Colleague: 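Here it is: the structure, laid out below.
In this text the structure is predicted, and so the values were computed from the model without any measurement. Every chain is numbered from 1 and lettered A, B, ... according to where its sequence line falls, protein lines coming before strand lines. What's counted below: heavy atoms across the whole structure, side chains too, no hydrogens, waters or symmetry copies.
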Amino acid sequence: MPELPEVETTRRGIEPFLHNKQIKSVQVHNSSLRWPVPNTITRLADARVQHVSRRGKYIVLTNKLGSAIIHLGMSGSLRIDKQTIPKRKHDHVELLLANKHVVRFHDPRRFGCFLWHEGPVEEHPLLAKLGPEPLANQFTGEYLFTATRKRNVPIKTLIMNSQVVVGVGNIYASEALFMSGIRPGKAAKRLSRREADALCKQIRDVLQKSIEKGGTTLRDFINSDGEPGYFAQSLFVYGREGEPCQTCKTPIKKTVMAQRSTFYCSACQS
DNA sequence: CTAAATACCTGATGGC
DNA sequence: TGCCATCAGGTATTTA
């Protein structure tokens, strides 16, 4: 599921149920996620949740003892259920709340994680080396231009590198490059300053607009209210191989880059 | 240092 | 209907 807009949509969905709330208990049904869920995760229930935050695609739940670091991987979701609703297959972790609700972490492929860290969460190894947030002021055309210098990787691969900028996943990488008129396979170091400016702006715009619309739905994304999102219909190139470009009618091409499907218009993008 | 390959896992889909 | 191959929104880690 998760591109950054879905993660932010999820964060906003669970925040009202967790902010300043006391979790009654943490129940781990299957600890074999990408890394084992530690036994210390129960400390999440030992003090009120002070913050429900996000860094890149990581959702962070913080109390005075430490932080839960949650990632949804490829197929994960967090949702709010009534405790009377039976948990489903692949509901690996549950946070039982006082008000008869439960937060359920669901992840069929188990590429996600649910870790516990004590001390400043930004110092956790998974977070320490992350690049800027795409919607933060530090993410500028100048920054992106500098980051592309001497880099021979395809620009699509570069913008998906979380050490350069966080939160740009496979869907929105293709979309932002289309909106910028830049071919995904172009070597990063060949970008002009003007192209870097445009790409920065389009990354910000596509993510911001998607967050506003509540996230893209593909396959099994369920937002925290249990309702699917509804943004897939406004993608321009992703998943549209062979369909006419909405700008020039040229059929959209599909290629593979760093083992990921990549879509672009050979006429509009250079 | 960079870049590419590999690893983790289940489920949906399409061809035969 | 069943079986098999292929693909899927992520990213840390290993290898070159």
Side-chain angles (χ1 to χ4, degrees), chain A residues 1-10 29-37 54-59 69-78 88-92 105-115 117 124-131 134 146-177 184-190 203 206-207 210-211 213-223 228-241 254-263:
Chain A
M1 96 165 239
E3 290 263 0
L4 184 139
E6 285 82 358
V7 177
E8 176 59 20
T9 298
T10 297
H29 304 292
N30 183 351
S31 62
S32 60
L33 303 183
R34 178 165 191 170
W35 298 283
V37 180
R54 179 186 61 72
R55 179 72 176 98
K57 294 177 184 172
Y58 294 91
I59 288 175
I69 300 173
I70 303 166
H71 199 286
L72 303 177
M74 290 271 263
S75 60
S77 58
L78 286 167
R88 301 205 291 243
K89 188 177 183 181
H90 306 305
D91 283 347
H92 305 310
F105 174 85
H106 180 90
D107 185 10
R109 288 175 76 178
R110 290 188 277 119
F111 284 3
C113 68
F114 210 121
L115 300 173
H117 176 75
H124 188 279
L126 289 173
L127 306 186
K129 292 180 167 180
L130 295 179
T146 300
T148 57
R149 296 306 88 182
K150 300 182 182 177
R151 298 298 299 274
N152 206 31
V153 287
I155 184 60
K156 180 191 179 233
T157 304
L158 183 118
I159 61 176
M160 291 181 67
N161 181 341
S162 64
Q163 295 194 29
V164 173
V165 58
V166 298
V168 181
N170 201 39
I171 292 180
Y172 295 117
S174 282
E175 292 297 307
L177 285 161
K186 187 167 189 166
K189 66 184 180 187
R190 304 278 181 222
I203 288 171
V206 73
L207 293 175
S210 184
I211 288 170
K213 294 206 176 192
T216 298
T217 302
L218 290 176
R219 295 178 204 270
D220 60 356
F221 175 65
I222 302 293
N223 74 23
Y230 51 88
F231 195 53
Q233 69 279 4
S234 49
L235 299 175
F236 284 94
V237 290
Y238 185 86
R240 296 188 181 276
E241 181 185 17
K254 175 184 175 179
T255 184
V256 174
M257 207 162 281
Q259 286 81 244
R260 309 305 300 277
S261 298
T262 303
F263 300 85

Colleague: Of A:Lys150 and A:Phe111, whose closest DNA chain B nucleotide lies nearer the 5' terminus?
Modeller: A:Lys150
Colleague: At under 4.0 Å, does any side-chain N or O of A:Arg109 touch on OP1 or OP2 of B:dC8?
Modeller: no
Colleague: When rounded to the nearest 0.5 angstrom, what distance separates CG in A:Asp91 from CG in A:Asp107?
Modeller: 10.5 Å
Colleague: Hey, does A:Arg260 reach any base, or is it just sugar-phosphate, or nothing, if we go heavy atoms under 4.0 Å?
Modeller: base
Colleague: From C-beta outward on A:Ser162, which listed nucleotide comes closest to its side chain: C:dA12, B:dC9, B:dG11?
Modeller: C:dA12
Colleague: Working to the nearest 0.5 Å, report the span between CE of A:Met74 and CZ of A:Arg109.
Modeller: 4.0 Å
Colleague: In whole angstrom, what separates A:Gln163's CD from C:dT13's P?
Modeller: 11 Å
Colleague: Taking only the P atom of each, what is the distance from C:dA12 to B:dG11 in whole angstrom?
Modeller: 25 Å
Colleague: Quickly work out the A:Ile159 CD1 to C:dT11 P distance and round it to whole Å.
Modeller: 13 Å
Colleague: If you compare all heavy atoms of A:Lys189 against all heavy atoms of A:Lys150, which two are closest, and at what distance to 0.1 Å?
Modeller: CB-N, 3.7 Å
Colleague: What is the distance, to the nearest angstrom, from the CD1 atom on A:Ile171 to the P atom on C:dT11?
Modeller: 13 Å
Colleague: Measure CD1/A:Ile69 against P/C:dA12 and give the value in whole Å, please.
Modeller: 12 Å
Colleague: From NZ of A:Lys156 over to C1' of B:dA4, roughly how many Å is that when rounded to an integer?
Modeller: 15 Å
Colleague: Can you name the nearest heavy-atom pair linking A:Glu175 to A:Val237, along with the distance?
Modeller: OE2-N, 2.9 Å
Colleague: Closer than 4.0 Å, any side-chain N/O of A:Gln259 to the OP1 or OP2 of B:dT6?
Modeller: no
Colleague: Should A:Tyr58 and A:Val7 count as side-chain neighbours, where that means a heavy-atom distance under 4.5 Å?
Modeller: no
Colleague: Roughly how far, to the nearest 0.5 Å, is OG1 of A:Thr255 from CZ of A:Phe263?
Modeller: 10.0 Å
Colleague: Contact class for A:Leu33 vs. all strands (heavy atom < 4.0 Å): base, sugar-phosphate, or nothing?
Modeller: nothing
Colleague: Students often get this wrong, so: under 4.0 angstrom with heavy atoms, is A:Lys89 touching a base, only sugar-phosphate, or nothing?
Modeller: sugar-phosphate
Colleague: Which whole-number value in Å describes the distance from A:Leu158 CG to B:dT2 C1'?
Modeller: 12 Å
Colleague: Give a yes/no answer on whether the side chain of A:Tyr238 brings an N or O atom under 4.0 Å of OP1 or OP2 in C:dA8.
Modeller: no
Colleague: Heavy-atom nearest nucleotide on DNA chain B for A:Ala258 versus A:Val153: which residue maps closer to 5'?
Modeller: A:Val153
Colleague: Heavy-atom distance under 4.5 Å between the side chains of A:Asn161 and A:Val153, does that happen here?
Modeller: no
Colleague: Provide the distance between the two P atoms, one in C:dT14 and one in B:dC9, to the nearest whole Å.
Modeller: 16 Å
Colleague: Just how far, in rounded Å, is P of B:dT10 from CG of A:Leu72?
Modeller: 18 Å
Colleague: Over all heavy atoms of both residues, which pair between A:Ala173 and A:Lys156 is shortest? Give the atoms and the distance, please.
Modeller: CB-CG, 3.9 Å
Colleague: Between atom CE in A:Met257 and atom P in B:dA3, what is the gap in whole Å?
Modeller: 14 Å
Colleague: Do the side chain of A:Arg34 and the base of C:dT11 come within less than 3.5 angstrom through a donor-acceptor pair of N or O atoms?
Modeller: yes
Colleague: Which part of the nucleic acid, if any, lies within reach of A:Asp107 when heavy atoms closer than 4.0 Å are counted: base, sugar-phosphate only, or nothing?
Modeller: nothing
Colleague: Can you give the dot-bracket line for DNA chain B, using ( ) for pairs inside the strand, [ ] for pairs that cross earlier ones, | for pairs with another strand and . for unpaired bases, where Watson-Crick and G-U count if both distances are under 3.5 Å?
Modeller: .|||||||.|||||||
Colleague: When you get a sec, tell me which of C:dG10, B:dC9, B:dA4 is the closest nucleotide to the side chain of A:Pro154?
Modeller: B:dA4
Colleague: If you check every side-chain atom of A:Glu3, which of B:dT10, C:dA12, C:dG10 has the closest atom?
Modeller: C:dG10
Colleague: Does C:dT11 have its OP1 or OP2 closer than 4.0 Å to a side-chain nitrogen or oxygen of A:Lys57?
Modeller: yes
Colleague: Would you give the length of the straight line joining atom CG of A:Leu126 to atom CH2 of A:Trp35, rounded to the nearest 0.5 angstrom?
Modeller: 4.5 Å
Colleague: May I ask you to evaluate whether A:His71 reaches the phosphate of C:dA12, defined as a side-chain N or O under 4.0 Å from OP1 or OP2?
Modeller: no
